[in-house]
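Ligands are counted one by one from 1 in listed order, and the atoms in each one are counted from 1 as well.
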Amino acid sequence: MRENYTIGVDIGGTYVRIGAQKNDDPLTGFEKILRESALGDTSPIEGIGAFISDYLEKNFPRLNIDAVGIGFPSTLSKDRRTIYHTPNIEGLDNSPISDILEQKIKTPIFLEKDVNILFKWDIYNKRLPEKGIGLGIYFGTGIGNAITINGELLIGRDGIAGELGHVPVIGGSGMCGCGNSGCFECYASGRRLVELRESYFGDTEIRDLFSEHRDSTILKEFVEAMACVVATEINIFNPHFIILGGGIVNMKDFPRKLLDEYIYNHSRHPVPSGGLPLYYSDDSDRNGVLGSIYMARGKLNVADNTRS
Ligand SMILES: [Zn+2]
């Protein structure tokens with residue numbers, strides 16, 4: 001139990017979301033603001049600092065704050081205190097952002113890759129057992145990926161494990177947001193879906209694509225490409241559970257059954273394809289903020305246990 005408020009922040013390419021929680025009370029003070037207006041148009045690091053300070057001043061003046069957890073759409077250093085690379089937000093890269101924000105806000109600041117935060121929150125929220133290997137694959141603008149082993153995030157030697165979207169496709173083409181070409185993201189992401197709409201379904205709003213064209217060969221091939229991405233990781237890890245999420249699988253009339261079938265087809269037979277433990281993430285605006293709070297509290301508990 002934590003007596004003070006913990007703050008969660010979810011920095012996205014388009015929106016910034018923030019909220020606070022005390023004990024197990026419901027989330028309070030939730031705000032969702034366009035990134036440009038939340039962070040201003042000067043340095044985004046100064047913008048984030050000013051945004052959090054103003055939020056605390058407005059909502060929780062004179063109250064103690066335990067910690068601030070922040071999710072970034074970025075690769076992070078192994079110690080989770082420096083941002084390496086952020087494809088969709090300029091001005092954040094190679095900055096020791098925890099140190100800078102702790103000086104300004106005078107509260108412990110904990111960072112994590114946004115998809116890791118979402119995946120850990122989904123495991124907790126769905127009450128899945130942490131034991132074993134878990135895979136999270138989130139199809140949004142890009143492809144988010146998180147891997148847990150007995151509840152611990154796999155982060156790799158340099159901190160950037162789980163970049164499934166940037167696995168190269170043999171013979172692949174197209175420039176990827178990471179700077180390489182022909183990555184999985186060039187074939188199975190929101191960015192690709194936008195390209196397909198422009199090329200083939202110009203009269204349909206993006207939100208209606210699956211309602212109006214789910215039986216077209218073009219969209220079936222797109223769904224199969226998503227399945228190939230998922231099956232790649234299934235065939236490597238033979239996981240205990242897989243959570244699929246992100247904006248695409250939550251679009252109106254998205255064919256989840258077809259995706260499940262294609263994943264089954266492309267997974268190795270007879271196992272792990274038989275009885276694949278597939279789950280779908282609930283698409284809530286608040287999950288990133290709740291997950292950031294959950295992550296920050298977890299790190300505070302580790303720090304408390306280390307001290308005692
Ligand atoms: Zn890439």
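Applying the side chain to side chain donor-acceptor pair (under 3.5 Å) rule to pairs touching residues 135-149 yields Asp122-Tyr138, Asn145-Glu233, sequence neighbours excluded. Counting only residues at least two apart or on different chains, the ring-ring contact (aromatic ring centres under 6.0 Å, His included) pairs with a member in residues 184-205 are Phe201-His213.
Within 6.0 Å of the CZ atom in Phe237, the count of heavy atoms belonging to other residues, nucleotides or ligands exceeds 12.
Note on ring orientation: taking the six-membered ring where Trp is involved, the planes of His269 and Tyr264 are perpendicular (angle over 60°, cut-offs 30° and 60°).
Under the salt bridge (charged side-chain N to carboxylate O under 4.0 Å, His left out) criterion, Glu102 pairs with Arg81, sequence neighbours left out.
Judged by distance alone, the side chains of Asp282 and Ser284 never bring a donor and an acceptor atom under 3.5 Å apart.
Only protein N, O or S atoms were considered, and those under 2.8 Å from the Zn ion (ligand 1) are His166 ND1, Cys176 SG, Cys178 SG, Cys183 SG.
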